[in-house]
Protein chains: 2
Amino acid sequence: MSKCEQCIVREFSSLKALTKDELVKLSDCKTSHIIKKGEVIFEEGENVNGIYCIKDGVCKLTKLSANGKDHIVKLVTKGELLGQRSMISDEPVNLSAVALEDMQVCFIPKSEVMGYFDKNNQFSMNVMKSICGDLKEADDHMVNLAQKTVKERLAETLLYLNDTFGKNEDNSLKVQLSRDELASIIGTATESCIRLLSDFKKLGLIELTGKKIVLKDINALKKLAE
Amino acid sequence: MSKCEQCIVREFSSLKALTKDELVKLSDCKTSHIIKKGEVIFEEGENVNGIYCIKDGVCKLTKLSANGKDHIVKLVTKGELLGQRSMISDEPVNLSAVALEDMQVCFIPKSEVMGYFDKNNQFSMNVMKSICGDLKEADDHMVNLAQKTVKERLAETLLYLNDTFGKNEDNSLKVQLSRDELASIIGTATESCIRLLSDFKKLGLIELTGKKIVLKDINALKKLAE
DNA sequence: TCTTTAATATGACAAATATCATATTTTTAA
DNA sequence: TTAAAAATATGATATTTGTCATATTAAAGA
């Protein structure tokens, strides 16, 4: 079992506030898991009873809409924690988490985490700040969905993927989403998403090779995204 | 100056965790304000340096979109706190707050509130839970904006206004919004909103008398909202 | 009160987006 | 490897939604 004290990823999450003693104790009670691409970490409505720390990989957080379609609310990657909101609210999780690529995650039981809230003020503040960041992001995202066109949202999302997750050696976006997933981030029909990608390609803004997407003209995309 | 110890509204917010001593101290440093309908409490981008406790009235939290239109992210009413996220993140506020009716609010400076975070764990937990509630709401709202039609969103919003803020003696919705404001909650053009309200009226779902809206057939509206 | 301005309403039309059908390509698994 | 299934692509068309023009009504100020 790997030691939390030596885990670099910890430095990027709220857990960086933990003391050496707390980390040693944490190592003993956490469990490590390998999640394969496509596998579910938890499902909307479940009682998770703890948080997941992402050591490697990217997952999507989705919510089922009344029309039966999944909407992708957020992408989460290494260094971030999952299930904080649910644990603090003491409610089932509001979103499902599904791996977009192979992942390494550690599960920390609720009992352990709640202890930190009592004894480690810096940890509390870190968690609070992280949730506040999520809230700001959600509000901003909401305004975009309400006010921007599908084309603007697609351009914006491509730039977001590029900025947040970077690109491979061949310049293609590192996070590979299906057209369906891309559509369910921007909130449109799969066909509309495919059509707009084709348009972008014809305009020389992007290059498409199978699932791979290469951003060719970032400035033009920025203009499109407004 | 009214005393916080005797303020009933306090019981409905995170402030309910404060001790008698803390409340006495709070009474001394808080400032009370009357805000007239239409007046701005704070504006997006401002440094607020504290939180507002709403003693009476309702306000809208809005964000300016790139297209120049305001989007209403949330309505907030008595017993709730404003500016928590900004204070915790130590950032300018992300949203503007504008009174929808005459309001009474109290301002509590940051220095005072931050002290509670250190010394009063229950207060911290309350604030965290409240922000977690906002986040869940925002995520749910996001999915609705992305996946539901304007008609569904309008029906849902009317029901929300009814459930959350209640109605007057004449059965009309207590919170009076202009068509423009209603449109900027559901994320559509003002004309589309007006048109759909007319449709709802023709179908006997609602009654319109000037700005007043009476919900006539709640079950049918629920079906429409899915 | 009267005048001016703003809000609400509605028609006509344009643009954006969704849906359905179907072809093509890619992936999966027998 | 090959057959079946899934994902991607594109056309045709319907529906939804936005925009512009213009009444009509309500509200605000002189």
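We name chains A, B, ... by the order of the sequence lines, and we start the count at 1 in each one. Just so you know, these numbers come straight off a predicted model, no measurement behind them. Below, each value reflects all heavy atoms present in this structure, side chains not excepted, and no hydrogens, waters or symmetry copies.
- As rounded to whole Å, 9 Å separates atom P of C:dT17 from atom CD1 of A:Ile186.
- A salt bridge links A:Glu181 with A:Lys60: at least one charged nitrogen is closer than 4.0 Å to a carboxylate oxygen.
- For DNA chain C, no neighbouring residue in residues 65-75 of chain B is found when judged by any heavy atom under 4.0 Å.
- Salt bridge absent: A:Lys37 and A:Glu101 never bring a charged side-chain N and a carboxylate O closer than 4.0 Å.
- For A:Gly210 and A:Lys151, each mapped to the nucleotide of DNA chain C holding its nearest heavy atom, the one lying further toward the 5' end belongs to A:Lys151.
- Environment of NZ in B:Lys110: crowded, with over 12 heavy atoms of neighbouring residues, nucleotides or ligands closer than 6.0 Å.
- The interatomic distance linking A:Glu152 (CD) with C:dA15 (P) rounds to 16 Å, in whole Å.
- Between B:Thr190 and the phosphate of C:dT8, there is no side-chain N or O to OP1/OP2 separation shorter than 4.0 Å.
- If you measure from atom CG of A:Leu208 to atom C1' of C:dT26, you get 15 Å, rounded to the nearest angstrom.
- A distance-only check finds a donor-acceptor pair linking the side chain of A:Glu152 to the backbone of A:Thr149 [under 3.5 Å].
- Rounded to an integer number of Å, the gap from CZ of A:Arg153 to C1' of C:dT17 is 10 Å.
- Between B:Lys212 atom NZ and C:dT8 atom C1' the separation is 17 Å, expressed in whole Å.
- Atom CD in B:Glu181 sits roughly 10 Å away from atom P in C:dA7 (whole-Å rounding).
- Here chain B contacts DNA chain D (any atom closer than 4.0 Å to a heavy atom, that is under 4.0 Å), and the contacts span D:dT17 to D:dC20 from 5' to 3'.
- As rounded to whole Å, 12 Å separates atom C1' of C:dA6 from atom CD1 of B:Ile194.
- Each of B:Lys211 and A:Val150 has a nearest nucleotide on DNA chain C; the 5'-most of these lies closest to B:Lys211.
- One finds a salt bridge joining B:Asp134 and B:Lys74 here, because a Lys/Arg side-chain nitrogen approaches an Asp/Glu carboxylate oxygen to under 4.0 Å.
- Between the CG atom of A:Asp180 and the C1' atom of C:dA18 there is a distance of 14 Å, rounded to whole Å.
- Nearest-nucleotide mapping onto DNA chain D: of B:Gly187 and A:Ser198, the residue sitting toward the 5' end is A:Ser198.
- Checked by distance alone, A:Arg195 brings a side-chain donor or acceptor within 3.5 Å of a matching partner on the base of C:dT19.
- A salt bridge does not link A:Lys63 to B:Asp139: none of the charged nitrogens lies less than 4.0 Å from a carboxylate oxygen.
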B:Glu226/A:Asn67 under side chain to side chain donor-acceptor pair (under 3.5 Å): CA gap, chis, key distance, verdict: CA-CA 8 Å; B:Glu226 248 173 339; A:Asn67 63 13; over 6 Å; no
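- Between A:Asp180 and the options A:Thr190, A:Asp70, A:Ile194, a side-chain contact (heavy atoms from CB on, under 4.5 Å) holds for only A:Thr190.
- Using a 4.0 Å heavy-atom distance criterion, B:Ser192 is classed as a base contact.
- Ring geometry, A:His71 versus A:His141: the interplanar angle falls from 30° to 60°, so the pair is classed tilted.
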